[in-house]
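To keep things clear, I will list the structure first and then write my remarks on it.
Chain naming here is simple, since letters A, B, ... match the order of the sequence lines and numbering starts at 1 in each.
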Protein chains: 2
Amino acid sequence: MALADEAGLDGLSMRRLATELGVVPMALYKHVANKDELLDGIIDAVVSEIELGPAEGDWKPAIRSRILAARQALLRHPWASGAIEGRRNPTPAVLAYMDSIIGLFRAGGFGVDEVHHAIHALGSRILGFSQELFDDTPADPDAQEKAAHAMAATFPWLAEMALRVAHDEKTVVGSGCDDQFEFEYALDLLLDGFERLRQAG
Amino acid sequence: MALADEAGLDGLSMRRLATELGVVPMALYKHVANKDELLDGIIDAVVSEIELGPAEGDWKPAIRSRILAARQALLRHPWASGAIEGRRNPTPAVLAYMDSIIGLFRAGGFGVDEVHHAIHALGSRILGFSQELFDDTPADPDAQEKAAHAMAATFPWLAEMALRVAHDEKTVVGSGCDDQFEFEYALDLLLDGFERLRQAG
DNA sequence: TGGTCTAGGTGTACGCCGTACACCCACAGA
DNA sequence: TCTGTGGGTGTACGGCGTACACCTAGACCA
């Protein structure tokens with residue numbers, strides 16, 4: 001069933017999926033009630049791929065590695081994060097995953113309310129993706145640098161930052177804008193914050 | 001032009017908008033190249049509503065209040081956050097807003113890289129909305145409590161949390177699941193984190 | 001005054017989408 | 001042998017974004 005996710009991009013339509021399976025579109029409706037249910041299905045398939053890993057030891061590395069595992073699973077299927085957004089009701093596998101994360105927090109000594117806040121603060125990051133306002137991985141550094149210079153007059157700060165990123169990408173030494181780094185940076189920032197808040201009481 | 005955003009919900013279609021304006025669908029294409037451009041237009045209109053407020057004083061309250069102002073603007077137009085997601089290229093007004101935020105950070109003494117990380121860590125929260133995995137505002141507390149009990153067997157931690165929230169909502173005293181509170185909580189957590197990291201070097 | 005230019009509205013049409021409804025067949029169990 | 005029934009089929013509807021050709025009311029200038 002979820003075989004369809006390899007070939008099928010985000011522009012996945014019932015008709016396309018059907019022909020992909022060598023079948024007539026309406027045949028799909030013998031297996032799923034509607035497209036939403038199908039999406040729920042493939043989301044569940046992806047989320048079930050997340051390797052939970054051991055639940056022992058410190059809560060922080062445990063949660064950290066579990067979330068990073070989720071990120072790996074989601075990165076394997078780039079369309080998945082897009083599919084999860086906008087879905088109104090969580091699928092069972094998502095619920096199970098969330099439950100496991102909450103369990104780690106609770107085992108680490110967090111109170112119910114603290115975990116509740118933490119879940120909200122993590123938001124979609126809990127599933128390994130963060131919602132950026134825009135793709136910043138479009139072009140080669142040279143073009144990016146050109147664009148940055150062009151907007152230096154209207155958006156000086158933005159341009160300054162863009163230039164720095166473009167420069168870092170050209171000189172291989174710099175980390176440039178490394179999504180994985182940014183993700184872990186933000187994740188650690190949040191986890192540290194949770195820990196500090198808990199200790200503060 | 002942006003008048004269309006009042007009546008038009010997320011199920012906004014060129015045809016619907018056209019009839020709303022008492023005009024034939026194709027007439028719209030004399031003003032915008034395609035639907036994406038129209039969306040960019042109304043997004044810009046909403047983002048331009050954000051009141052920037054004064055840029056003086058401490059960086060933290062300044063940024064905090066500016067982001068909360070963005071949240072107010074976005075809350076006035078519930079469809080806007082959905083529209084901003086998935087847009088590949090940022091609109092000019094979004095760029096201007098981001099530039100202003102970066103400016104506040106820089107004026108507060110943050111280095112270019114530090115701001116860069118901060119922007120990524122904030123993600124969509126910078127525009128006043130956070131991407132939740134699912135709506136948790138569906139039903140009355142009683143039904144919610146029922147559902148929570150039902151899933152206590154399979155998802156104990158989740159159920160525990162859901163019960164707490166439902167309970168808090170019933171006894172008026174508790175904050176329950178207050179989106180505004182959660183948002184500010186996470187925002188402050190991040191801002192505090194930025195400050196701490198900067199002081200640490 | 002007449003001629004041309006043009007901004008904006010119109011009508012028709014195409015190819016896509018999700019899916020309702022009626023049909024039909026192969027086969028399992030009685 | 002009859003009868004369900006699970007799963008594939010065909011047709012059709014209404015909605016979508018939008019390409020293309022056409023028309024019209026004014027603006028502008030000679």
5'-most contact on DNA chain C (nearest-nucleotide basis), B:L28 vs A:R15, goes to B:L28

Test for a donor-acceptor pair under 3.5 Å between the base of D:dG8 and the side chain of A:K30, counting only N and O atoms. yes

- Message: For A:H116 and A:H120, take the angle between the two ring planes, folded into 0 to 90°, and tell me which bin it lands in: parallel under 30, tilted 30 to 60, perpendicular over 60.
- Response: perpendicular

Its 5'-most and 3'-most nucleotides having an atom under 4.0 Å from a non-hydrogen atom of chain A, DNA chain C is contacted over C:dC17 to C:dC21

- Query: NA contact type, B:M14, heavy-atom cut-off 4.0 Å: base, sugar-phosphate, or nothing?
  - Reply: sugar-phosphate

In whole angstroms, the gap separating P of D:dG15 from CE of B:M26 amounts to 19 Å

When rounded to whole Å, the NZ to P distance for the pair A:K35 and D:dC16 reads 16 Å

Subject >> Basic-acidic side-chain contact under 4.0 Å: B:K170, B:D142 >> reply: yes

Exercise. Are B:R76 and B:E49 ion-paired here, with the side-chain N under 4.0 Å from a carboxylate O?
Worked result: yes

Practice item. May I ask you to say whether A:E195 pairs ionically with A:K60, meaning some side-chain N is under 4.0 Å from a carboxylate O? Key: yes

The residue, A:A27 or B:N34, whose nearest nucleotide of DNA chain D is more 5′ is A:A27

In terms of the angle between their ring planes, are B:F194 and B:F105 parallel, tilted or perpendicular, with boundaries placed at 30° and 60°?
perpendicular

Passes side chain to side chain donor-acceptor pair (under 3.5 Å), B:T91 versus B:D40? Steps please.
CA-CA 6 Å; B:T91 67; B:D40 280 356; over 6 Å; no

Whole-Å distance, B:Y29 OH to D:dC16 P, equals 11 Å

